[in-house]
Amino acid sequence: MTRRYAFRTVDVFTDTRFGGNQLAVFTDAAGLSDGEMQALAAEMNLSETSFVLPPDDPANDARVRIFNRTAEMPFAGHPNVGTAYVLAQLRPGKDRFRFEELAGLVEVRLDAAGGAEIDAPQPLSLLGEVSPAAIARALSLDESDVLTSAHKPVRASVGVEFVLAEVSEDALAGAAPDLAGFRHGMAQVASDADRFSIFFYCRPAAGPLRARMFAPLSGTWEDPATGSANATLAALLLSLSGDRELSYEAIQGVEMGRPSRLRLKAWRDESDIRASVGGRCVPVLEGFATL
């Protein structure tokens, strides 16, 4: 028997169509198997695809599963922002959503400007350092391009793990993924990690923070906007200061021709550090997948 599943695509963290990070949202995924969701995400060939299911707890709005090209993600930033934006079009009057995900409950707030803000489901956790030499090799840079005055390259998470590294401004533009270098880096942390995705950034003398993210071992050569990684960095930067909170904007995706703008916040909550990320969305396509 033929089954049809509706989907919509949106560009996330942008107010311009064909900018930001692309997302496909299957708005009613009930009946799809795990394998079918993974196959559809691979077929969409985007950094992530989200699937909306009925919540386990009726107090929440949906259970959301997120797949990249090769695996399911416990949490991700732009899929939550984009999924909430799409569901708001289908459920008029809603300005808040609560999504059940593998990493925990994700709260999303819609705004009148056509965007959303999400709170990461977990507090900042630091999982160990990675050598600057390994980062430089993976990014096709010189080791001197990897800056360590504020922090060494570090594995960190607010729901999904990234390696965070600061680089010089020239190095940000000149970096390129080296697959052998990524495999070498993965081997260094393979005992307790299932991914090796590098989010690297620079702080220009003027203007917003600039960032890029490479995850070729997960099927994403480069990501135009990585909300979860940006939120993790915001939490890390706050942890390095004595401040109670911070907020700033970040730019990503410029080198890909898909500029993205993200709003970041981090704050101290009792003994933890939490973070949020937000931005605007633009609708692009609607269609059906037939199985």
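For the numbers below, each heavy atom of this structure counts, side chains included, while hydrogens, waters and symmetry mates do not.
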Are side-chain N/O atoms of Asn80 and Thr83 paired as donor and acceptor at under 3.5 Å?
no
Taking side chain to side chain donor-acceptor pair (under 3.5 Å) as the definition, give me every residue that meets it alongside Arg69, ordered by chain and number, with sequence neighbours left out.
Asn45, Thr220
Which pairs, with at least one residue in residues 50-91 and sequence neighbours excluded, count as a ring-ring contact (aromatic ring centres under 6.0 Å, His included)?
Phe26-Phe51, Phe51-Phe67
Can you tell which of Arg274, Lys265, Arg109 makes a salt bridge (Lys or Arg N to Asp or Glu O under 4.0 Å) with Asp119?
Arg109
Are Glu222 and Arg212 within salt-bridge range, i.e. N to O under 4.0 Å?
yes
Heavy-atom donor-acceptor pair, Gln38 side chain to Asn68 backbone, under 3.5 Å:
yes
Under the rule for side chain to side chain contact (heavy atoms under 4.5 Å, CB included), what residues qualify as partners of Ala156, not counting sequence neighbours?
Leu124, Leu126, Leu164, Thr232
Connected to Val254, directly or through other members, by ILVMFWY side-chain contacts below 4.5 Å are Ile251
Whether the side chain of Thr9 engages the backbone of Leu285 through a donor-acceptor N/O pair (distance < 3.5 Å, no angle test) should be reported.
yes
Main-chain N/O of Asp56 paired with Glu100 side-chain donor or acceptor, under 3.5 Å:
yes
What pairs of residues pass the salt bridge (charged side-chain N to carboxylate O under 4.0 Å, His left out) test when at least one of them lies in residues 14-27, not counting sequence neighbours?
Asp15-Arg280
Just checking, is any N or O donor in the side chain of Asn21 or Gln252 under 3.5 Å from an acceptor N or O on the other one?
no
Between Tyr5 and Phe7, is the gap from one ring center to the other below 6.0 Å?
no
Taking side chain to side chain contact (heavy atoms under 4.5 Å, CB included) as the test, write out the residues that go with Glu166, two or more places apart.
Leu147, Ala150, His151, Tyr201, Arg203
Main chain of Ile273, side chain of Asp269: is a donor-acceptor contact present, judged purely on distance under 3.5 Å?
no
Tell me if a side-chain donor or acceptor on Asp57 pairs with a main-chain N or O of Ala59 at a distance below 3.5 Å.
yes
Nonpolar side-chain network containing Trp267, other nodes, edges under 4.5 Å
none
Rounded at 0.5 Å granularity, tell me how far CE in Met186 sits from CG in Leu179.
13.5 Å
Please identify each residue that fulfils side chain to side chain contact (heavy atoms under 4.5 Å, CB included) with Arg244, with sequence neighbours left out.
Arg268
Are the side chain of Thr16 and the backbone of Gly19 linked by a donor-acceptor contact shorter than 3.5 Å?
no
Is there any salt bridge (charged side-chain N to carboxylate O under 4.0 Å, His left out) pair reaching into residues 71-98, and which pairs are they, with sequence neighbours excluded?
Asp61-Lys94, Arg65-Glu72, Arg98-Glu107
Cluster link Ile198 to Val154, ILVMFWY, side chain under 4.5 Å
no
Residues at least two apart in sequence or cross-chain that pass ring pair (Phe, Tyr, Trp, His ring centres under 6.0 Å) with Phe200, listed by chain then number, are Phe214
Tell me whether Glu249 is salt-bridged to Arg261, with the criterion being a basic N under 4.0 Å from an acidic carboxylate O.
yes
Starting at CZ of Phe199, measure out to OG1 of Thr226 and round the result to the nearest 0.5 Å.
6.0 Å
Scanning both residues in full, the closest heavy-atom pair of Val12 with Gly82 reads CG2-CA, 3.9 Å
Residues in side chain to side chain donor-acceptor pair (under 3.5 Å) with Asp11, at least two apart?
Arg258
Who are the side chain to side chain contact (heavy atoms under 4.5 Å, CB included) partners of Asp178, not counting sequence neighbours?
Ser140, Ala180
